[in-house]
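Working notes, structure below.
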Amino acid sequence: MASILYFLVFSLSCSFLFLLSESNYVSNPAYLLVLPTQKDVSTGLHWTTLLKRTPLIQVPVLVDLNGNQLWLNCEQHYTSKTYEAPFCHSAQCFRANTHQCLSCPAAARPGCHKNTCGLMSTNPVTQQNGLGELGQDVLAIHVSLGTQLGELFTVPHFLFSCAPSFLLQKGLPMNVEGVAGLGHGPISLPNQLASHFGLQRQFTTCLSRHSSSSKGAIIFGDAPNNLHELHGHAIFQDLAYTPLTITPQGEYNVRVNSIRINQHSVTPVKKTSSTIVGHSGGTMISTSTPHMVLQQSLYESFIQVFAQQLPTQAHQVKAVAPFQLCFHSKNTSEYPGVELVMDKPNGPVWRISGEALTVQTQPGVWCLAVVNGGMQPRAEITIGARQLEENLVVFDLAKSRVGFGTSPLASHGMKCADLFNFVDA
């Protein structure tokens with residue numbers, strides 16, 4: 001009798017494992033999905049390579065933290081045996097929150113079908129919009145239980161937008177074929193992956209500051225609780241969290257209560273709106289903006305305090321656009337760092353090193369990588385890609401909070417490029 005029961009249990013277990021492998025459903029919460037990222041030196045922006053279509057090919061796309069969906073140029077060289085265009089008013093269109101019907105008069109191809117859904121896509125750098133077709137196709141991504149990448153898991157019917165090719169003409173890295181939106185939209189990359197694989201609604205960015213051959217990572221799933229140690233270092237141990245809010249456009253915002261440079265407070269020269277620091281503190285986190293952007297009144301105060309805190313050997317030189325404060329210095333480690341006090345007067349402190357606030361524009365000349373956003377920018381403060389680099393930033397969508405390292409990754413003797421082995425990715 002015992003042997004019969006053992007046989008039945010073993011058979012059911014095997015059947016379950018077979019079904020699991022067939023559906024590629026990640027029921028184990030310890031699983032993480034990983035995308036490699038690289039920095040484009042010419043734009044200062046970051047991009048990743050998606051595996052899409054049938055047969056699978058590598059598709060380079062810009063990483064856009066606040067994008068609502070993945071969009072790709074389907075007008076040129078898009079061939080796939082598994083591409084489909086959902087009919088207008090279908091369940092897929094409802095999920096993508098689009099109720100606009102679209103018909104393309106030309107011969108059928110990816111991005112051009114009759115009675116499909118129209119979906120608006122945006123170039124996040126130029127803010128140019130373009131109407132395209134909602135499509136679905138295979139997407140594959142590596143699973144990982146440690147620093148090594150495991151097998152590829154697939155989403156057979158991943159929803160995305162076939163956007164018009166003109167959206168690629170300005171502002172983006174030369175090689176990309178579209179934009180991967182990580183925002184809060186219903187068919188954004190994190191939301192579709194979490195829904196399909198049963199993952200925690202959370203992702204972590206670790207963008208590399210170094211050359212284009214140095215790869216950072218985007219980690220989908222509960223990385224803080226499942227990557228306890230990497231190469232012997234507890235890199236998530238010193239995370240601090242601050243509340244996360246979502247704008248009506250699906251953008252990620254946090255509240256900055258105050259700014260300090262070497263313990264000197266930065267206060268706006270003139271209060272012009274309700275989102276000035278110390279009030280509602282509208283601060284956007286963005287990977288499609290290469291540098292920090294400040295509202296003009298706040299910016300004027302910021303560069304004044306920063307200049308006063310420069311080391312004596314850093315001599316100011318002629319400004320290099322779009323920056324207004326440039327200097328000649330040999331020792332970049334002496335640049336003043338910035339402290340963003342989050343949420344409330346005694347809230348957690350997001351420290352941004354002097355290296356993350358400066359860029360080298362020519363040999364021996366460094367500039368403060370903070371840009372004047374004018375009187376009415378999209379947000380009072382925008383934390384740009386440069387300030388996110390070489391730092392673990394956790395977007396915990398389930399708990400509406402953002403986690404950030406209170407000490408730099410370098411304090412563990414590590415860089416973002418050290419997290420995973422992307423040799424075969």
Looking only at the aromatic ring of each residue, does the gap between the centers of Phe327 and Tyr335 stay below 6.0 angstrom?
yes
Is a side-chain donor or acceptor of Asn123 paired with a backbone partner of Leu167 at a separation under 3.5 angstrom?
yes
Value for CZ (Phe404) from CD1 (Ile352), rounded to nearest 0.5 Å, stands at 10.0 Å
Does Ser208 reach the main-chain N or O of His210 with its side chain, forming a donor-acceptor pair under 3.5 Å?
yes
Distance-only side-chain donor-acceptor flag, Thr82 / Ser80, under 3.5 Å
yes
dist Ser301:OG -> Gln296:CD (nearest 0.5 Å) comes out at 12.5 Å
Any side-chain donor-acceptor pair under 3.5 Å between Thr98 and Gln100?
no
For the pair Ser165 and Glu75, evaluate side chain to side chain donor-acceptor pair (under 3.5 Å) and give the outcome as yes or no after the intermediate values.
CA-CA 6 Å; Ser165 59; Glu75 293 180 3; 2.7 Å; yes
Shortest non-hydrogen contact from Thr242 to Met342?
OG1-CB, 3.5 Å
Hey, does the side chain of Glu390 reach the backbone of Arg209 with a donor-acceptor pair shorter than 3.5 angstrom?
yes
4.5 Å side-chain heavy-atom contact, Phe323 and Val371
yes
Set out, in order, the CA-CA distance, both residues' side-chain angles and the distance that settles side chain to side chain donor-acceptor pair (under 3.5 Å) for Ser286 and Ser288, then state yes or no.
CA-CA 6 Å; Ser286 172; Ser288 59; 3.2 Å; yes
Can you tell whether the side chains of Glu339 and Arg351 come within less than 4.0 Å, N to carboxylate O?
yes
Nearest-0.5 Å distance that lies between atom CG in Leu189 and atom CD in Gln69:
11.5 Å
Quick one: do Tyr252 and Phe395 satisfy ring-ring contact (aromatic ring centres under 6.0 Å, His included)? Show the steps, please.
CA-CA 9 Å; Tyr252 297 122; Phe395 294 85; 5.4 Å; yes
Give a yes or no answer on whether the side chain of Arg386 reaches the backbone of Glu355 with a donor-acceptor pair at less than 3.5 Å.
yes
Output yes when a side-chain donor or acceptor of Gln387 lies under 3.5 Å from a complementary backbone atom of Ala356, and no otherwise.
yes
Over-ring placement of Lys52 relative to Tyr83, 6.0 Å and 45° cut-offs:
no
Is a donor from one side chain sitting under 3.5 angstrom from an acceptor on the other, for His46 and Gln38?
no
Determine whether a donor-acceptor pair (N or O, by modelled atom type, separation under 3.5 Å) exists between the side chain of Ser103 and the backbone of Asn115.
yes
Candidate pair Ser188 and Asn68, rule side chain to side chain donor-acceptor pair (under 3.5 Å), full reasoning:
CA-CA 5 Å; Ser188 69; Asn68 285 323; over 6 Å; no
Less than 2.5 Å separating the SG atoms of Cys117 and Cys88?
no
In this structure, are over 12 heavy atoms from other groups packed under 6.0 Å from Phe94 atom CZ?
no
Whether Thr154 side chain and Pro156 backbone form a donor-acceptor pair below 3.5 Å
no
Does the pair Arg53/Glu177 count as a salt bridge with the N-to-O cut at 4.0 Å?
yes
Which heavy atom of Leu134 sits nearest to which heavy atom of Leu119, and what is that distance?
CD1-CD2, 3.9 Å
Tell me if the SG of Cys162 lies under 2.5 Å from the SG of Cys74.
yes
Between the side chain of Asn66 and the main-chain N/O of Ile285, is any donor-acceptor distance below 3.5 Å?
yes
Side-chain donor/acceptor of Thr247 to backbone N/O of Glu251, under 3.5 Å
yes
Determine whether more than 12 heavy atoms belonging to other residues, nucleotides or ligands lie under 6.0 Å from atom CD of Gln237.
no
Stepwise side chain to side chain donor-acceptor pair (under 3.5 Å) test for Tyr241 and Asp343
CA-CA 10 Å; Tyr241 287 91; Asp343 189 38; over 6 Å; no
If every non-hydrogen atom of Gly403 is compared with every non-hydrogen atom of Leu239, which pair is closest and at what distance?
C-CD2, 4.2 Å
Closest heavy-atom contact between Leu45 and Thr287?
CD2-O, 3.5 Å
Are Tyr78 and Asp137 linked by a side-chain donor-acceptor pair shorter than 3.5 Å?
yes
Inspect the surroundings of CD in Gln127 and state if more than 12 heavy atoms from other residues, nucleotides or ligands are less than 6.0 Å away.
yes
Checking the side chain of Asn226 only, and the main-chain atoms of Ala223 only, is there a donor and an acceptor separated by less than 3.5 Å?
no
